[in-house]
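Remarks on the structure that follows.
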Amino acid sequence: MDIEKYIDDIITKFPKIIDAEVVNIKRLMIYIPKNSLLEIAEYLFKNLGYRYIIVTAMDSKEGFEIIYHFSDDSSGWIVNLNVMLDRDKPEIESLTPVVYGAEWIEREIMDLLGIKFLNHPKPERFLFAEDWPEGKYPLRRDYVEEEK
Amino acid sequence: MRYPKLRELKEAITSLFSKPYTSKFPAGEFKPFAGFRGKPIVDEDNCVGCETCANVCPSNAITFIDDAQTGIRTISRDYGTCIFCGECEEHCITGKGVKLSDEEYELACFDRSVLIETQERELLICDNCGAIITTKDHMRFIHEKLGPKAYSSILNLNMLNERLQLAREEDIKVTIQDGLKRKDMFNTLCPNCNRKIQIKNLM
Amino acid sequence: MGKKTLVPLGPYHPLLEEPEFFKLYCDGEIVKEVIWETGYNHRGIEKLCQSKTFEQVFYVVERICGICSTSHPFAYANAVESIPGVEIPERAKYIRSIVGELERIHSHLLWVGLAGHFLGYNTLFMWAWKYREPVLDMFEIITGNRNNYAMFTIGGVRRDISPEQATQLLNVLEDVKVKTTMLVGAVMDDPVIHARLKGVGILTAEDIHDFGAVGPTARASGVDIDVRRDDSYAAYDMIDWKVITAGSGDVFAKAEVRLLEMYESISIIKQCLEALKKTEAGDIKVKVKEIPPGIGIGHAEAPRGEVFHFVKSDGGNSPVRHKIRAPSFTCIPTFRRSCVGGTISDAAIATAAVDPCYCCTERMSHVYNYNTGKHIMSAAELIKLSQEKTKILKAKLKV
């Protein structure tokens, strides 16, 4: 995979892309705005036939960071889509209509970080028990563990 | 009868006349292979009580409590929490302080408190501020490792004197009063207090 | 949905995020819909890893899965070592590959045994597990424990393989190879197994792509993916081996892929042991002083499929974010496609075909009437149902 040409191509195809950089050997990180997630993900997943791996969400300094990992199995590159969400209003379009397998992980992120996925087919609790209090998200920075 | 059945029949007959692979453990003895990671056994002579193992233990099975009043460090090892990873053995500064036994592995018991082992080591305490420096064994180990260079350390000489009693009480006893002075360096001092004296001296 | 019967298949798995509970909605004997519930066994490992140092995380991730306890450290090592760009010694690479492949052999043997048990072939179950024992003993000799090997560390491995151990391992492998041939023959030549497994739980290549399923599950559907080859790590690019695929996507194909993969594993280990002789003994570790700030993404091919680890470091002692994805997380949702349309007795083997850690799944499966809530069947009875179907087939085929 000629990475420089690849980056040029994808930026010309989607001018909304903020930045693209190689973060490590065979690992490409593409920073995108949140409203263009679906079209870029659809292009990667359906047109290029990349394999969906998983979605990582984390609470970083600037806000909530969501990374969508896709794998190009013919070359071994992992292409990551990085979306930064506002801390006050963590909302993003659900990837599930495009990538069927993303349903579980989006529900898990909903549980652990309290990020809302719009148009999710089944926005229910995934991991937590029914008696887990609302509005407590263990992976957020401000989460304090209760004393037993 | 077709051929495949014969092949399995052969296997069945050999299985019938061979012994079970498993050992009759609680009834009969079982000896693990060499290099098995069993119970970590502390070598009392070589453990210097430096707390390294407590820092690297992933499951926090090794903890220590320093008592400045009595001058004793109590290291407790909870084999109920231990995951037998061997990090303590690998990181042990003396290399011989703790070894995972390949013979002892029967730790199951009804009372968990039986699984906690403790060791006590004498602490070295700063004469001036009362801070805990480290254990005496640890200091001795460091000095031994330094070889002849260790004699440039007054702390080492102090500790040697304590053991060999070369000079008696009145000769060496210098009480620390009205701030740190150069003469106080001949006491047992923590690195912080030592530094203070050095800087005062330089000024 | 009121008239359908609910068959709960679950409730949990001991793997990281796979604790799940399947509700099979059935109409008569045919499964109409599969709904999953999870969260029974969430241990918060990702959060726990953030409180451990980089080196200690190995012992945490090792305990995610009791069966594949090398695959998680493997992926984590790939992720964490990529941040400072550490090149581990060649000998360590070979030893890593040996441990990883030994694990594949024992995991696949375990699967064959359990699949046999589900089908009512208890002799197969006993034999497969018996042949697995020498492999586990080999683990004890090489790493010091039958499980939770504590073999990996940042920058290499913790124990070396001595020439005596290598000879011992070669002998065990020879033995395992003979036994594998017997097992492969027993499975492939049996007309009942053919009748029972062919055409059951079919997953097409599109299903695999939709769910992102990995490992033998994907390879059995003709999707030619294997992390060991695609994004080569450890010693896999230095030796000669091939990826096993099958085309039909049913349970039989999955069994075939797993059985044939064992031969590949044996051949990989033999080549690694040969290569070990050429490297200097004892050179198994490089010292890594610190992990600089950065992102590390690592994956490894576990017996069940790709294990994915994402590590973010801020230059401190412990990771600030550690994301773990076990293969079953994407493989288990495929039940939605593989079970629907089949019978309940086929559902047991179709779910088993993915090789989730189902030791707990089978422990508490109950069948009860959805309307009255009355208990009808237990786990043992569900397995019995599956076994009875085999018996009927056997009678039909007159074998």
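Residue numbering restarts at 1 for every chain, and letters A, B, ... go by the order of the sequence lines.
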**Request:** Take C/Lys312 and A/Glu65 through the test salt bridge (charged side-chain N to carboxylate O under 4.0 Å, His left out) and record every step on the way to the result.
**Result:** CA-CA 12 Å; C/Lys312 189 178 180 181; A/Glu65 203 175 336; 3.8 Å; yes
**Request:** Please step through side-chain contact (heavy atoms from CB on, under 4.5 Å) for the pair A/Asp73 and C/Glu306, ending with a clear verdict.
**Result:** CA-CA 12 Å; A/Asp73 287 318; C/Glu306 179 207 39; over 6 Å; no
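Partner of C/Ile297 under the side chain to side chain contact (heavy atoms under 4.5 Å, CB included) criterion, out of A/Ile67, A/Asn80, A/Ile53: A/Asn80 alone.
Proximity to chain C (any heavy atom under 4.5 Å) is shown, for A/Ala102, by neither the backbone nor the side chain. Proximity to chain A (any heavy atom under 4.5 Å) is restricted, for C/Arg336, to the side chain, taken from C-beta onward. Using a 4.5 Å cut-off between heavy atoms, A/Ser74 does not touch chain C at all. Neither the backbone nor the side chain of A/Phe70 comes within contact range of chain C, judged by heavy atoms closer than 4.5 Å. Only the side chain of A/Glu103 comes within contact range of chain C, judged by heavy atoms closer than 4.5 Å. Contacts between C/Val320 and chain A at a heavy-atom distance below 4.5 Å are absent for every atom of the residue. Looking at C/Ile225, only its side chain comes within 4.5 Å of chain A, counting heavy atoms on both sides. Both the backbone and the side chain of C/Ser82 come within less than 4.5 Å of a heavy atom of chain A.
Residue-environment remark: CD (A/Glu4) stays at or below the threshold of 12 foreign heavy atoms within 6.0 Å. In C/Asn317, the CG atom is not crowded: 12 or fewer heavy atoms of neighbouring residues, nucleotides or ligands sit closer than 6.0 Å. Atom CD1 of A/Ile25 is surrounded by 12 or fewer heavy atoms from other residues, nucleotides or ligands within 6.0 Å.
Using a 4.5 Å cut-off on side-chain heavy atoms (C-beta onward), C/Thr330 and A/Arg51 make no contact. In this structure, the side chains of A/Arg27 and C/Asp231 come closer than 4.5 Å at one or more pairs of heavy atoms. Contact annotation: the side chain of A/Ile78 approaches that of C/His299 to within less than 4.5 Å [non-hydrogen atoms, C-beta and beyond].
Note: A/His69 and C/Phe310 have tilted aromatic rings, judged against thresholds of 30 and 60 degrees for the angle between ring planes. Ring orientation note: the planes of C/His209 and A/Phe45 are close to parallel, at an angle under 30° on the 30°/60° scale.
Of the charged side-chain nitrogens involved, none lies within less than 4.0 Å of a carboxylate oxygen, so that A/Lys26 and C/Asp230 do not count as a salt-bridged pair.
Of the listed residues (A/Tyr100, A/Trp77, A/Tyr52), the one with the most heavy-atom contacts under 4.5 Å to chain C is A/Tyr100. When the candidates A/Thr56, A/Val23, A/Asp72, A/Leu139 are compared by the number of heavy-atom contacts under 4.5 Å with chain C, A/Thr56 comes out ahead.
With rounding to the nearest 0.5 Å, the separation of CD1 in C/Ile83 from CG in A/Asn24 is 7.5 Å. For the atom pair CD of A/Glu108 and NZ of C/Lys323, the computed distance is 4.0 Å after rounding to the nearest 0.5 Å.
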